[in-house]
Structure formats: C-alpha cells, structure tokens
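One-based numbering, in listed order, for ligands and for the atoms of each.
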Amino acid sequence: MKKLTPMMKQYFEIKKNYEDSILFFRLGDFYEMFFEDAIVASRVLEIALTGKNCGLEERAPMCGVPYHSSNSYISKLIENGYKVAICEQVEDASASKGLVKRDVVRIISPGTVMEENLLDNKKNNYLMSIYVDNNKVGISYVDITTGDFYATSIEENNLVEEIAKIQPKEIIYNDNSLSEKLEKISILNNIFLNKESNYYYSLDEDILYKYFSKEYIENLRLSDILEVKYSLIGLLNYIFNTQKQITSNLNNISMYNSKDYMSIDMFTRVNLELTETLRSKQKKGSLLYVLDKTNTAMGGRLLRKWIEQPLINKEKIEERLNLIEEIKDNFTLREDICEELKNIYDIERLCGKLAFEKINPKEMVSLKESIEKIPNIKNILLNSDTKYIKNLINGLDELKDIYLLIDNSLLEEPSITLKDGNIIKSSFDERIKTLRELSTNGTYLIKNIENREKERTGIKSLKIGFNKVFGYYIEITKANLKQFEIPNNYIRKQTLSNAERFITDELKEIEEKILNAEEKIKDLEYELFVDIRNKVYKNIDRIQKVAKTIAYIDVLTSLAKVAYENNYCKPSINTSGELNIIDGRHPVVESIIGEENFVPNDIKLNTGDFKIGIITGPNMAGKSTYMRQVSLISLLAHIGSFVPAESADIPIVDRIFTRVGASDDLSQGQSTFMVEMTEVSHILKNATKNSLVILDEIGRGTSTFDGLSLAWAIVEYINEKIGCKTLFATHYHELTELEDKFKGIKNYCVAVEERGEDIIFLRKIIRGGADQSYGIHVAKLADLPFEVIKRANEILKDLEKNDIVNKNICSEAAITYQSSSNENKELKQELVKEKNDLDEQLSFSNIEKESILKEIKLLNIINMTPIEAMNALYNIQNKVKSIGDDVL
Ligand code: ADP
Ligand code: MG
C-alpha cells in the first residue's frame, strides 16, 4: 500500500476532529477542501472539482477558494446548512523546518456566525442547548453577536413551543430520543441541528468559570436545577470549541420562567402572522411590520422579542403602557428622540465584535459616534414633561470616559484594517507624531532631490518614482539618455522599452529612513489600537447596559409613534376575565386598506353567560378577520402596546390559541384533516378557563356530516369542561342551535345586505345567527359563468320548496340538468357533489337520533350481565332526555 504524503497525513489528523464540518485547509493564498468535503463544496459553491496527488493510488478530490474572497463562500455554505472549520497555518512558514503547523482556529456555524452578511440586523441569532434529564428539560440559548444569554427549565412537552418562540438558528442537545421531535421543528423553522451531542460528555463545570466568575455562577443556584446547569455547560463547551477563545461579551445569563410569559404555540404564531406572513414568510404584512418603527437594530430585535413573548403580569404591562403614553402624547419629544436614535449604530453587535477581537478601527469610531448621542437623548428625556420616562433615564451612564478615550486616540476616518496604519491621531502619541514627521519629511526631501537632479542634468522630464521591488528610482527616457550626459553616481537598475531607471546612494539612504518610519508607524498604530480596544473591552458590561436602555427607549418610541399615527387607544388591563372591545380594528388589514375603509366591530366576552361566540355568515363576510382582530388586540395589550380600538378592556390571558380549518386555503395545503384534529386536541388538552381560543371553520376538512358533529361536540366540550373565552366561526348554521341549549354560548353573524340578486358585505358583526350561506351570491361575485349561477338558483329554489332530506328531489334536479346540458361533464360532477353535500345537511337532531338508534342496535345483550344491561339502558335514557321530546 502506498503511503500518504506528510501534508495529507496532517490533513487527516485535523479532519478527524471536525467530521461534521467542511474543513477549509489553508495552503498559501487558498483554502483547499479534500475528499467528501470537496465534493460537497464544489457542488454547493459551483466551483471546479480537481484532484491532488495525496500519495494514494487515486488522486484526492479537491477544490479551493481564494483566501481573500473566502467570506462569500463561507456564507454560502452556512446558508446551505453546513458548518465550516477554518484551519490556518499557526506558525510562520519561513521560521519552520519542514511542514508548517496547522490547526483549526474557528468553526463557523449558523448559530455562531459573526459575519454581517449572514445576520439579520433586526433579529437575534440564537444558538440553543437542550439538556434532557428525566422529563425535565434545561435549555439555554445565546446570541454571541449581542451577548443576549438566557436559561430556563421547562417540561418536556413544552419544548417545541419554547423553540418556536425562540427560533434559534442552531441547536445542540444531549439526548438522541429527542431527535425526531427536533428534526420536525427544525425543518419547519430552518434550524441547524447538531446530531453529535458530545458537548455534554464531559460535564465538567470548569467551563462555566472560564466565562463567568465563581460568585456569579453561585448566585444562579444551579445545584437546584441541574438540567439547566448541564445545558449551560454544553452550550459554553460548544462556544469554546467553535470560537477557540475565552474573551467574550457573555457576562450575564438571564434566568427566566416561561410561565411568566403568555404561552403561544407554533400554529398560533403562524396563524396570527406575528412576525412573518403565512404565505410568503416575509415580515411585510405581519404584525411586527405594522409595529416596527424602530430606528436602531437593537430596538428592532427587542420589539420582536416583545411580540414573541407577551407578558401576563398586570403591573409589568401597565408599566410599559404608561411609558408609551407619555411619549405618544408629546410630539416634539417623539420626533427629537427619533432623530437621535437614527444616528446610533448597533452597539450590541459592535460589543460582540469588540469581545471577539473582530472590531476594526472604523467600527470603533462608529461606537464612539453612537456613545456621543447618549447625553443628547438623556437631555431630551430629562427636560420633557414626563414622570415615568424621567425615572427610567435618570441614572443612565453617559460613558464619557469611553467616548474620550476613542475620540482622543482614533482618527475620524480611520482604516478598516488593523495592520496598514492610518488609525491613530498624531496628537495621541508622541512617537507616532515623530515618525509621521520623518515620513512626510522624507517625501519632501525626495521632491527636492528630483528638482535638483533636473537642474543638474538639464533633463526636464527626469522624475523620481517608487515601486515595491526597487524602491525609489530616477527615471530618464531613452531619447534623453542619448542627448544628455548621465552623472557618475547613477546606478543603472532597470531597463524599460523607452526609459532607464537609476538609483543613487543618497536616494537609498532616504528611502530606508522613510520606509523604516512607515513600518514602525504601522506596528505602533496596531499596538496602540489593540491597547485601546482592550481598555474599551474592560467596560463592555457598562456599554451593553446602555445599549439595552437605548433599545428599550427605541421600542417604546416606536410603539408610541404607531399608537399616535394609527389612532390606537390605551387598553385597560383587568384580572376579572371580562373582555370588552369597542370599535376594534384589525391592525394589519386596516394598515393595508386604510383606517377609513375598515369597519370597526365590538366584542364582549366574559367567564359566565357569554363565554363562546358562534359566528356565522357567508364566505368573504369578514369572520376570520374579526376573530383574528380580537386575538391580535388582546395580544397587543399583553405586549404593553396600545391597541386599534375606541376603547378596550382586556383580561389577562394565559394562552392564546388560533386554529384554522384544514381546507381553508390559509393552511397552505400541507394541512390534512388529521393535522387539524391534532391541533384541536392540543387546544382541548391545554386551554384553561383563562385562555382565549379562536377556532376558524374547524371541522371543514371532512364531510359535512362528520364535520358538523365534531364542531358541535368541540363547542360543547369547551363550554362545559374548559370554560375559556372562545370565538368559533363556522358555515354550519346548525351550530346556532347551541345558543338555546347552553348557557354561555351566543350567536353572532356578519351582516350582509341583499340588493335584488346581489349581496353587499357590511362587515358588521351583529347578534344572531345567519340563516343563509349566500354561496351562490358569493359565486356570482367571483364571476362564475352566468349559466351556472342561473342553474344553481333554480336548483336551490327546488330544494327549498322540498324537504332536503328527501334525496330524490335532488337527484331529480340533477337529472334535469344533465338532460339540458349533456356536454359539460365537470359541471355535472360539481352538481352531484353539491347534491351529496346537501344530502348530508340533515338537521342535527336527526344525527343524534340516528346515533342513539345505532348504539341500541350494537348492544350485545346476550353477553351482558344484568348490571351491565341496566347501565346501558340508563345511559341511553340519559341521552334521550338530553335531546328533548321534540325529536323522538
Ligand atoms: P370570511 O372569513 O368570512 O370568509 P374574511 O375575514 O376572510 O372573510 O374577510 C374577507 C375580506 O373582507 C378580507 O380580506 C378583508 O379585506 C375584508 N374585510 C374583512 N373584515 C373587514 C372589515 N371589518 N372592514 C373592511 N374590510 C373587511
Ligand atoms: Mg374565513
């Protein structure tokens, strides 16, 4: 067998530790990839796959990307769901004998990227760690670009919901039994899942003390929540393993309890379009889009967080509402603050770069310029006619020392690189000043020599130039060389096609001084910059704290602005369970069609005689919009935001559920009836009497007969067993019968006006049930061929005249149609389907009757004990009693 070349041996030594990453192996000015990595990368990056002799029979598949443009290639791999391990030469090539030492210096993964082009500036980039221990789950997650760091303990069945809320970019976990669950949600949310969970193998707590002080960790009392401790250990192990360094912006872990926030499951988030729309997955058209008037990236991220985790504590909600009220009512304050905020850079992410030693001089100046605005903001707020705001801002650190440190030392427009000079002000350091003088002086001397030599030789076109190979030289054209005499001290250095280049001893002497000075300046500037960077880093927690306050003010201002511009009102929050909204509007729909075109509606629900609203009305009437508007207004109030309504009294709600029937187009076609029922089952099991439940056309995904029965049973169950506030939109008119049967259920419908053959949607919700579905009217609005509409009306009239239970009538109608229009097969089929549907629209009482008869029929009397027979009879009698006499 042939032997591997030494370099390939080195490659395999390194690669074996990074099996799950694509290894970028530095060779000169390139990163090379080999074997499987090369095959994958060449396909994803669309670059040529070549081969390299590696000592074995077959050449190693290989591809490579240039070092200087590697960033865009790395980005592309990350976007396509790969991790990249960067392997550099870790010793000076010239200093080493034989093979240069190489090692991985950093791993880039979706949850640990720092590169701006891979980050959404208004969205956190979380890496999440999950540690399962006996049904208890410790989770911790961090955004290493901003330092946001959270941890909590939850129950295993809340895990998916928590992940849907946090939306991490990457997950590590300790227990493979979770894989199936995690894979599902990862696909839905585009999360990178690390299958290898070896970050927990060593549950050595030393890693905690590498990032935090012993005292800090002790204060977290992790011994009571070991699952959280281990999740943190895994997370920090992973970060250390990818970043290969300890300095970091992680200096605070926020421990929280998920029960302190409203719980919203994944489907509800999606259905309510909180941060992105259902169809296009874009922010535009979502609730976040309407609310986001933030001026900083930090504020944008915080607002998203607020929407994703609404509060359920009355005092905390009111604190936000009061702050927003003060800004909303003060026009100049609002505008002035926005002006200042506009000029503030992403301080949190600048701190991230600072901590991971990736900040460049220009970014350091951006940090300074941002800090510069803080006293202005403080002044504006302190001088305003406010109470809560003033309190909030009073103790804000102005970071004057840091501002001065950067302002005194760095040029106003410094370089973006660290080693090419042009960073430090001459006034900051005497040595820099002297060296710069020397360098400028040198350039001046050269100019003098040029002039002197021109005169001495008489050659007017003589010039002194500079290049990297020869340094300074005197250039004389060939024509002049023939004509004039060249001084003896000129040394010929280079011949061009039309000129000769010379050097002199004098020139070389000056050159050395200049170049030396420039080299020295660069080194010194780098040194000074690193020193300044370290000094600023020591204050990173102060800067991060200020960034948090700025983000907070930004969000408050944004919500105040939206409240003012969109005419929102301040909701009052209660704990009595009464929901009362006057003239409520849908925040997103009204932003699209304009407030003046939106018909506002009221809602009143409580925990007693008015728990459930059954909403009937034709398609397109506005049922879905109305129900969503109720959830969104409630949600907005829990965020602490003003709401689109004349007035709103909102009870604290522990959970909001929103489900849409399977065949509704909203479900994107991927939903099946089974999924719909699974979701409903989830609601029935988890809703409490303090929840708000929105069910939109549930039961639609199956035949009318089944669907109606299910819908009926679900409403009954909610009313009797759960007692939560519920809105249920349906086109089954039969459900309106529930109002008479149960206390707590009330009928609503969307008003429509009939004008001859047409209908006009009034969009007004009124008491009572709809008595007609107006299906044909709506079809007419949709421009169905006139022939079809006309024929449908005829059939309908026929059906109305006769009892629809009598199936023959419908068949007759269908047959008449068939004979009058033989060709149109499709229409015929549609008609037959419609007939079948109508057949199934038996009255509900009949359904119950049939079910009881069936039950009697199936009784196995021969095999029953007398007691069993008695019980069966007793049950049947009870059922018959509950239907009432009119049926039997
Ligand atoms: P349904 O669920 O009853 O079929 P939707 O709620 O989907 O009806 O509403 C259909 C359309 O009617 C919406 O797209 C919206 O543009 C419009 N609409 C709904 N409610 C209102 C309203 N209150 N004011 C104005 N337009 C409305
Ligand atoms: Mg609808």
Side-chain angles (χ1 to χ4, degrees), residues 267-268 270-273 277-280 284-287 289-290 566-568 581-603 613-633 643-646 648 657-669 671 676 679-680 693-701 707 711 726-733 735-736 747-754 758-783:
F267 301 104
T268 303
V270 171
N271 282 328
L272 287 179
E273 305 189 303
T277 59
L278 207 55
R279 271 165 212 261
S280 59
K284 193 168 179 190
S286 67
L287 180 68
Y289 183 74
V290 174
N566 300 352
N567 204 13
Y568 288 5
I581 300 170
I582 310 280
D583 278 349
R585 303 169 333 251
H586 189 297
V588 181
V589 175
E590 85 162 346
S591 80
I592 294 166
I593 66 174
E595 192 192 333
E596 65 284 2
N597 297 318
F598 193 90
V599 181
N601 274 302
D602 303 345
I603 177 100
I614 304 275
I615 303 164
T616 42
N619 270 321
M620 277 302 285
K623 301 183 295 297
S624 302
T625 309
Y626 175 67
M627 296 199 304
R628 279 177 175 66
Q629 129 190 348
V630 173
S631 345
L632 289 174
I633 289 175
V643 301
E646 261 319 293
F657 294 97
T658 301
R659 282 302 179 285
V660 181
S663 68
D664 204 311
D665 62 352
L666 288 168
S667 62
Q668 271 201 326
S671 256
E676 176 187 334
E679 293 174 14
V680 172
V693 174
I694 303 294
L695 296 172
D696 196 350
E697 309 268 12
I698 288 299
R700 212 182 184 183
T726 304
L727 290 177
F728 194 111
T730 181
H731 64 289
Y732 299 129
H733 308 144
L735 287 190
T736 55
N747 290 327
Y748 289 94
C749 61
V750 198
V752 289
E753 189 182 303
E754 267 181 270
D758 295 323
I759 50 163
I760 295 167
F761 295 116
L762 300 179
R763 315 270 186 230
K764 205 71 192 164
I765 304 286
I766 50 175
R767 277 284 280 131
D771 49 358
Q772 263 203 71
S773 61
Y774 295 99
I776 299 174
H777 294 81
V778 176
K780 190 176 169 202
L781 285 180
D783 235 3

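- Counting heavy atoms from C-beta outward, Ile615 and Tyr626 have side chains that approach closer than 4.5 Å.
- The Mg ion (ligand 2) lies at 2.8 Å or more from every N, O or S atom belonging to Thr625.
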Go through it in stages, so that I can follow the logic: the residues are Ile766 and Cys749, the test is side chain to side chain contact (heavy atoms under 4.5 Å, CB included), and I'd like the CA-CA distance, side-chain angles, deciding distance and then a yes or no. CA-CA 6 Å; Ile766 50 175; Cys749 61; 3.8 Å; yes
Sub-3.5 Å pairs, protein N or O with ligand 1 N or O:
from     : atom 1 : to     : atom 2 : distance (Å)
ligand 1 : 2 (O)  : Ser624 : N      : 2.9
ligand 1 : 2 (O)  : Ser624 : OG     : 2.7
ligand 1 : 3 (O)  : Ala621 : N      : 3.2
ligand 1 : 3 (O)  : Gly622 : N      : 3.0
ligand 1 : 3 (O)  : Lys623 : N      : 2.8
ligand 1 : 3 (O)  : Lys623 : NZ     : 3.0
ligand 1 : 4 (O)  : Met620 : N      : 2.6
ligand 1 : 6 (O)  : Ser624 : N      : 3.2
ligand 1 : 6 (O)  : Thr625 : N      : 2.8
ligand 1 : 6 (O)  : Thr625 : OG1    : 2.5
ligand 1 : 8 (O)  : Gly622 : N      : 3.0
ligand 1 : 9 (O)  : Thr625 : OG1    : 3.4
ligand 1 : 12 (O) : Arg763 : NH1    : 3.2
ligand 1 : 12 (O) : Arg763 : NH2    : 3.2
ligand 1 : 18 (N) : Arg763 : NE     : 3.4
ligand 1 : 23 (N) : Val599 : O      : 2.8
ligand 1 : 24 (N) : Val599 : N      : 2.9
ligand 1 : 26 (N) : Arg763 : NE     : 3.3

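- In plain terms, the two heavy atoms of Ala711 and Ile698 that are nearest each other are CB-O, 4.0 Å.
- By the salt bridge (charged side-chain N to carboxylate O under 4.0 Å, His left out) test, Glu646 is found to be paired with no residue, residues two or more places apart in sequence or in another chain being considered.
- The two atoms that bring Asn619 and Glu697 nearest to each other are OD1-OE2, 4.5 Å, heavy atoms only.
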Step-by-step side chain to side chain donor-acceptor pair (under 3.5 Å) determination, Thr736 to Asn747: CA-CA 6 Å; Thr736 55; Asn747 290 327; 4.6 Å; no
